[in-house]
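For reference, the structure discussed in these notes is given below.
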Amino acid sequence: MPTALVAFVAAADGRAAIVGDDLQLVGPLDRMAPRAAELEASGDVRWVWWSAGHDAAALVRAGLPVGRCWDVAEAHRLLAGGWEATPQVAWAAAYRLDRSGLPAATRGDLFDFDAVASSAAPGGTAHTAVGTAASVVRADGYLDPDAGTVDWRPDDETLAAWGRAALACAIAQEAALAEVGSRSVAAAHSESAAAFLCVELTRDGLPVDRATAERMIAEAAGPRPENDADARRIRTERDLQVLAHTPGRESTDLRNPLQVKELLASVGVVVPNTRKWVLEPFRDTHAVVGALLEWRKAERIATTYGYPWLDAHVGADDRLRGGWTACDGAAGRMTAQNGLHNLPTALRPAVAAHPGHVFVRADLGQIEPRVLAAVSGDEAFAAATRADDLYAPVATALGVDRPVAKIAVLAAMYGQRSGAAGEALKDLERTYPVAMGYLDAAYAAGLRRQPLRTFGGRLIRLDAVLADVPADGTAAYDAARGRFARNAVIQGSAAELFKAWAATVRATTRDLGAQIVLCLHDELLVHVPEENAVETMARLEQALTDSARRWTGSTQVRFVADASVIHRWSEAKD
DNA sequence: CGGAGGACGTA
DNA sequence: CGTACGTCCTCCGC
């Protein structure tokens with residue numbers, strides 16, 4: 001029996017509809033969530049929603065462990081590229097309706113479908129558009145532009161029609177994705193699972209040791225200020241650590257790059273800008289340089305990761321929370337807010353498992369060259385992936401030392417121009433012509449503004465992404481586009497494998513009480529009761545083998561994970 | 001008040 | 001030394 005598609009759609013006023021074959025339920029969320037749970041438990045169901053952050057939020061709040069779903073917004077982002085994915089846009093694309101004919105909403109852009117998960121809460125009180133069943137799909141084939149907006153107030157029949165529209169849209173998308181390629185439907189499944197995981201990540205947060213966090217902030221930013229005057233005093237003291245080196249210039253605003261540039265010039269350090277890597281060589285020229293660089297580090301903690309950050313984003317349950325999205329608008333990597341993706345490594349000791357728990361952390365080793373082997377179909381390069389260290393056999397094949405082989409491979413993938421690549425790069429072209437040809441083709445497509453697709457079929461658009469023209473003209477603009485294209489097919493494909501892995505881990509470790517608490521591009525952090533740590537680690541490894549096998553459709557390319565059981569994120573890998 | 005640019009953290 | 005992202009700060013124009 002094939003998997004039944006069942007729509008679950010939410011209205012802004014707290015009602016939801018469950019719609020499938022011979023099934024139509026409409027009612028308040030607190031009655032619909034248990035019905036969804038029954039269906040999830042009893043049947044072979046794939047849930048359909050316009051967007052997990054919007055429609056499935058109540059199911060996540062209720063703790064329903066959704067297994068399979070189809071997220072119309074994520075499927076659309078695969079199909080069409082970019083990030084815009086309102087129901088109306090996704091519907092038009094799935095049915096191949098002219099984009100320029102999209103009707104405008106009567107109240108401007110009130111969609112909350114683009115909101116990140118953390119802010120996607122029911123909202124809006126105005127009562128402007130009263131939907132009726134006939135109005136969800138217009139006579140001209142487009143979706144009602146008001147449907148799904150925060151001010152939309154459908155009656156029960158209309159909400160059910162909204163669910164039927166989601167079902168129909170999903171089916172049309174599946175057909176369109178099947179045309180793109182055999183992997184794209186599977187990619188839609190894992191991208192949808194990742195989007196649901198994002199809502200769970202937003203709900204659960206990252207376990208934090210608050211005392212350690214407070215201590216580390218205090219080391220960098222000083223004690224917690226008693227009041228505003230105290231805060232100003234601490235700030236001024238921090239500034240004086242730098243300004244004491246330049247008597248007579250105490251009024252310099254260190255937060256103003258122009259004034260900093262002037263200050264540096266006055267002591268003989270003349271620089272085009274005051275970036276860290278520009279100033280680093282001048283550390284020995286004048287003591288103010290080193291003091292300034294240290295000040296910047298402390299200032300970063302004080303402003304971005306200081307007490308206000310701790311108070312705003314770490315809950316009473318000692319969990320750091322931020323909004324998550326399943327893909328960015330370019331290559332398709334996950335994004336996270338509130339520092340979850342760019343927490344300074346110095347603060348990682350503060351990320352700690354809660355009592356009775358540990359973290360199982362794992363990262364994918366050498367993910368990008370391995371992905372290159374898979375997506376290009378280069379058999380020789382695939383053979384190299386069978387080694388634990390991919391660069392070892394590459395070095396042997398090229399007759400160079402490992403560091404040279406590594407630089408050459410990275411240079412080929414990222415377009416690095418300087419450095420010691422040189423001769424090794426030519427040998428690379430000779431030894432792995434299929435892989436290198438794949439990268440060259442992506443670069444050339446970028447130059448021609450020709451859209452590309454990742455391995456899983458995500459459209460890489462070259463029109464919208466690079467909006468900023470480099471100052472040095474058209475050639476630089478073309479080259480930037482080429483580099484972007486070459487990088488995007490690798491980075492984006494790697495993101496797809498990562499999400500397939502994460503979705504599999506989520507599904508196969510739930511019975512162990514495991515909870516994915518962080519996804520960081522190639523790294524997973526799983527919070528689990530300590531007695532289940534070893535089993536969780538084994539399943540993480542198995543999940544990688546299985547998802548890589550499904551994703552590549554073969555076992556030619558090997559992917560490896562470095563996994564360990566730790567209490568703090570800062571702990572060594574083994 | 002919002003956008004632009006500088007700066008910097010992560011992968 | 002390539003790509004991507006999120007966040008804070010200041011300046012500038014409305």
Side-chain angles (χ1 to χ4, degrees), chain A residues 83 116 118 206 220-221 235 239 252-261 271-280 292-293 295-306 308-309 312-313 322-348 351 363-369 371-372 406-421 439 442-443 446 454 458 460 462 465-468 471 476 479-495 498 518-525 569:
Chain A
W83 213 72
V116 296
S118 63
L206 179 66
R235 193 172 123 139
D239 294 1
T252 303
D253 181 0
L254 295 174
R255 293 158 192 84
N256 183 328
L258 263 179
Q259 291 189 30
V260 171
K261 214 166 106 173
V271 284
N273 60 58
T274 70
R275 297 219 156 104
K276 187 169 70 174
W277 54 90
V278 174
L279 294 185
E280 201 66 54
L292 175 67
L293 292 172
W295 175 89
R296 287 238 177 101
K297 259 190 256 177
E299 177 78 358
R300 165 75 47 186
I301 304 265
T303 56
T304 307
Y305 303 103
W309 168 78
H313 306 304
W324 288 79
T325 67
C327 70
D328 59 35
R333 298 215 292 196
M334 293 173 80
T335 70
Q337 296 178 322
N338 298 343
L340 284 159
H341 265 184
N342 42 8
L343 197 73
T345 50
L347 288 180
R348 288 186 179 189
V351 177
D363 67 276
L364 302 178
Q366 304 169 337
I367 175 67
E368 295 196 332
V371 161
L372 171 60
K406 180 176 177 178
I407 285 171
V409 170
L410 295 177
M413 284 195 303
Y414 302 147
Q416 183 180 314
R417 299 196 160 275
S418 68
L439 293 169
Y443 187 86
T454 61
R458 181 181 301 276
I460 305 294
L462 294 157
V465 186
L466 293 170
D468 300 324
R481 225 170 35 241
R483 284 195 304 272
F484 167 74
R486 176 169 48 196
N487 185 261
V489 289
I490 301 299
Q491 187 187 97
S493 299
F498 177 81
L518 191 73
C519 296
L520 195 46
H521 306 315
D522 66 352
E523 180 174 7
L524 273 179
L525 210 53
W569 196 16

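Remember, it's a predicted structure, so these values are computed and weren't measured experimentally.
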Nearest-nucleotide pick for [X], side chain only, options being [options]:
{"X": "A:Ala330", "options": "C:dC5, B:dA11, B:dG9", "value": "C:dC5"}
{"X": "A:Asn338", "options": "C:dT7, C:dT3, C:dT10", "value": "C:dT7"}
{"X": "A:Gln337", "options": "B:dA11, C:dG6, B:dA7", "value": "C:dG6"}
{"X": "A:Asn342", "options": "B:dG9, C:dC9, B:dA11", "value": "B:dG9"}
{"X": "A:Thr345", "options": "C:dG6, C:dT10, B:dT10", "value": "B:dT10"}
{"X": "A:Asn256", "options": "C:dC11, B:dT10, B:dC8", "value": "C:dC11"}
{"X": "A:Arg483", "options": "C:dT10, B:dA11, C:dT3", "value": "C:dT3"}
{"X": "A:Asp522", "options": "C:dA4, B:dG9, B:dA11", "value": "B:dA11"}
{"X": "A:Arg348", "options": "B:dA11, C:dG2, B:dG9", "value": "B:dA11"}
{"X": "A:Thr304", "options": "B:dG9, C:dC9, C:dC8", "value": "C:dC8"}

Would you classify [X] as touching base, sugar-phosphate or nothing, given that sugar-phosphate means primed atoms plus P, OP1 and OP2, and contacts are heavy atoms under 4.0 Å?
{"X": "A:Arg300", "result": "base"}
{"X": "A:Ala336", "result": "sugar-phosphate"}
{"X": "A:Leu340", "result": "nothing"}

Whole angstroms only, please: what is the [atom1]-[atom2] distance between [X] and [N]?
{"X": "A:Met334", "N": "C:dC5", "atom1": "CE", "atom2": "C1'", "result": "13 Å"}
{"X": "A:Lys261", "N": "C:dC11", "atom1": "NZ", "atom2": "P", "result": "15 Å"}
{"X": "A:Arg255", "N": "C:dC9", "atom1": "CZ", "atom2": "P", "result": "9 Å"}
{"X": "A:Leu343", "N": "C:dG6", "atom1": "CG", "atom2": "C1'", "result": "12 Å"}
{"X": "A:Tyr414", "N": "B:dA11", "atom1": "OH", "atom2": "P", "result": "13 Å"}
{"X": "A:Glu523", "N": "B:dG9", "atom1": "CD", "atom2": "P", "result": "18 Å"}
{"X": "A:Leu254", "N": "B:dA7", "atom1": "CG", "atom2": "P", "result": "13 Å"}
{"X": "A:Leu520", "N": "B:dA11", "atom1": "CG", "atom2": "P", "result": "6 Å"}

No-hydrogen, no-angle side-chain donor-acceptor test under 3.5 Å, [X] and [Y]:
{"X": "A:Thr325", "Y": "A:Thr335", "result": "yes"}
{"X": "A:Asn338", "Y": "A:Trp309", "result": "no"}
{"X": "A:Thr303", "Y": "A:Arg255", "result": "no"}

* Establish whether the base of B:dA11 is bridged to the side chain of A:Arg333 by a donor-acceptor pair shorter than 3.5 Å. =>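 Yes, the side chain and the base share a sub-3.5 Å donor-acceptor pair.
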Is a donor-acceptor pair below 3.5 Å formed from side chain A:Asn273 to base B:dG6, judging by atom type as modelled?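 Side chain to base: no pair below 3.5 Å.
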*A:Lys261 side chain vs A:Asn273 backbone, donor-acceptor pair below 3.5 Å*: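 Not confirmed, A:Lys261 side chain does not pair with A:Asn273 backbone.
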Checklist entry - Given A:Gln337 and A:His313, is the side-chain contact (heavy atoms from CB on, under 4.5 Å) satisfied, shown in steps? => result CA-CA 10 Å; A:Gln337 296 178 322; A:His313 306 304; over 6 Å; no
Check: So, for A:Arg296 and A:Leu279, which heavy atoms are closest and what is the spacing to 0.1 Å?
Finding: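 Where A:Arg296 meets A:Leu279 most closely, the heavy atoms are NH1-CD1, 4.3 Å.
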query: Taking OP1 and OP2 of B:dC8, is either one under 4.0 Å from a side-chain nitrogen or oxygen of A:Arg275?
result: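 The answer is no; no side-chain N or O of A:Arg275 sits under 4.0 Å from OP1 or OP2.
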Using a cut-off of less than 4.0 Å, is there contact between a side-chain N or O of A:Lys276 and OP1 or OP2 of B:dG9?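 It does, given that an N or O in the side chain of A:Lys276 lies less than 4.0 Å from OP1 or OP2 of B:dG9.
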